[in-house]
Each structure stands twice: as C-alpha cells, then as structure tokens.
Amino acid sequence: MRIGEIAVLVGVTPRAVRHYHHIGLLPEPARRANGYRAYTVRDAVLLARIRRLTEIGLSLDEVRDVLADDAGRELVEVLGELDADLARQEREIRERRKVLAALLEAPPTSDGPLSPALAALLESAPVTGSPAAAKDREHLALLDAAGGGAELYAALRPLAEDPGVGALYERLDELAGAGADDPRIAPLAAELVAAVPDEVLAVIPEGEPSPTGFGRVLLEDYPPAQREVVRRVMEALAVRVRATRGRSV
C-alpha cells in the first residue's frame, strides 16, 4: 500500500501519517525502487491503533508508551484485539441509536432531551415547587448527559416516590440563606443519608459520590449551608459504598 491508500483504509490523512513518521510514533517503511513507501498490514494495524488511542484522549507521548508495551506481540493477537474493539464500538453505537430513537419519539420536555429511563424516573416523582428538588432534577439531567445508566435510575425510583423525601427537600430549602455552621445541617444530612436505600449504593459509579468527581460540580451549585449538607451526605454515602463493596473505610 502507498501512503494515500493506508490513510484512506485507516481513516486518517496522509499528513497525519507523515507526522507520525516525523515524531517516530509510526516507523517509516522501506521504499521501493520507484521511491514510494510500501506499507504492510502490520503498518495499517499500528496506524489504526494510534488513531484509536488518540481519539479516546491520550497524548502522543502516552500513545508511545502504550505501543511500547505492545512490542513483540504476534500480529494475530493485535488483529484480534482490534476486532474486539471494533465490536465494542458497534455495540455502543447500537445502544446510542436506541436511546436516540426513543428521544425522537418522546414529547419534548423542559428538562430534555432526557434518556427514556430518566424521563420515567422524573415522571414518577411527585410534583413539587421545592427549589432543592428542581436542582436535583438539573443534576440528574447533567448526569444523564454524562452517561448515567438506566440501572441507577431504576434504583432511585423508590426514593423518588417516597413521600417523606418532600419534607427533606423543604428543610434543605430552608437552609438557602444560612451559614455553614447552622445547627440544622448535621441532623438533616444524617436523615438524607438514611433515606438512601442500599440498592442505590450498589449502582453508584466507581469513585462516587466524591467532592473531586461528579460531586464537585454539585457542591459548587449550592449556597454555604446547603453545600455543607450535601458534602456530608457525599462523605457518608462514600463510607457506605466502600463498606457495601467490601473495601476498608
């Protein structure tokens, strides 16, 4: 294959191929008598791997380290890994198209577009004028956009339908103008933690809730007293999650 042919095959530009040659990421193949580079299947596999690694956000230096670990592997093994990765991408695309189809069929909402699973969860929750509840809906929509799953929303459904949660939201609303040392913070945080069933903990993404992960975005959205309540809830739930999953606190 010539440079234009391998570029088309892998889905990159000839300029990108030349750049990878220049920085030593892609070994430059031997030239034929006519001066053209002669690329092989292994070159194409390596170029495809470079493309995949850069597409998921790795820097070129990080790609170099990954490729160094692959040195000496049999071509059939590398091809098998490539095939498995393509199969995974096909599955992800099919799932995204299913969600997209459901979104296209669903009526528009003020929260939308939402996944069908989150839309069903929000519909099951009682109507309320609580600003804190409205903020929770916004946070769930943000989580949904970031890839929140149907399993998590299903686990949250009993909590959303619990009539006692409305009273907790009202108490959180009352803290909107309070300071971070308000005496109402500790008891409210404890009751909020107790209201979360173990089924929810089992499907919380690894590393969450965390003030340094998705939780950090939530904390920045609250005034001082409410932020302290949410922070305490996150810390307590993190302890419960680690205990549930058999890790030391």
Look at the side-chain heavy atoms of Ile, Leu, Val, Met, Phe, Trp and Tyr, link any pair under 4.5 Å apart, and say whether Ile3 and Leu9 land in one connected group. yes
Are Val45 and Val8 connected, step by step, through hydrophobic side chains (Ile, Leu, Val, Met, Phe, Trp, Tyr) whose heavy atoms are closer than 4.5 Å? no
Calculate, to the nearest 0.5 Å, the distance between atoms [atom1] and [atom2] belonging to [X] and [Y] respectively.
X      : Y      : atom1 : atom2 : answer
Leu175 : Arg227 : CG    : CZ    : 13.0 Å
Leu25  : Arg49  : CG    : CZ    : 11.5 Å
Arg88  : Glu92  : CZ    : CD    : 4.5 Å
Asp162 : Leu156 : CG    : CG    : 12.5 Å
Leu118 : Arg137 : CG    : CZ    : 8.5 Å
Leu46  : Leu26  : CG    : CG    : 5.0 Å

Do [X] and [Y] come close enough that some side-chain heavy atom pair is under 4.5 Å?
X      : Y      : value
Arg231 : Met234 : no
Arg18  : Pro14  : yes
Arg184 : Arg171 : no
Val63  : Leu67  : yes
Ile50  : Arg64  : no
Thr128 : Tyr169 : no
Leu237 : Arg240 : yes
Pro29  : His21  : yes

Test log, rule side chain to side chain contact (heavy atoms under 4.5 Å, CB included), inputs Arg37 and Glu28: CA-CA 8 Å; Arg37 299 182 182 91; Glu28 192 166 348; 2.9 Å; yes
Return the minimal non-hydrogen interatomic distance between [X] and [Y], and the atom names on each side.
X      : Y      : answer
Thr40  : Asp43  : N-OD2, 2.9 Å
Ala195 : Leu168 : CB-CD1, 4.2 Å
Arg2   : Asn34  : NH2-ND2, 4.4 Å
Val233 : Ala189 : CG2-O, 3.8 Å
Ala132 : Asp173 : N-OD1, 2.9 Å
Ala180 : Ile185 : O-CD1, 3.3 Å

Within 6.0 angstrom of Arg15 CZ, more than 12 heavy atoms from elsewhere: no
Contacts of type salt bridge (charged side-chain N to carboxylate O under 4.0 Å, His left out), residue [X], not counting sequence neighbours:
X      : answer
Arg157 : Glu161
Asp136 : none
Asp181 : none

Given side chain to side chain contact (heavy atoms under 4.5 Å, CB included), test Glu62 with Leu53 step by step and report yes or no. CA-CA 9 Å; Glu62 291 171 329; Leu53 292 171; over 6 Å; no
Stepwise side chain to side chain contact (heavy atoms under 4.5 Å, CB included) check, Tyr39 with Leu47: CA-CA 10 Å; Tyr39 293 90; Leu47 182 58; over 6 Å; no
I'd like to know if the side chain of Glu235 reaches the main chain of Arg232, judged simply by a donor and an acceptor atom lying under 3.5 Å from each other, with no hydrogens or angles considered. no
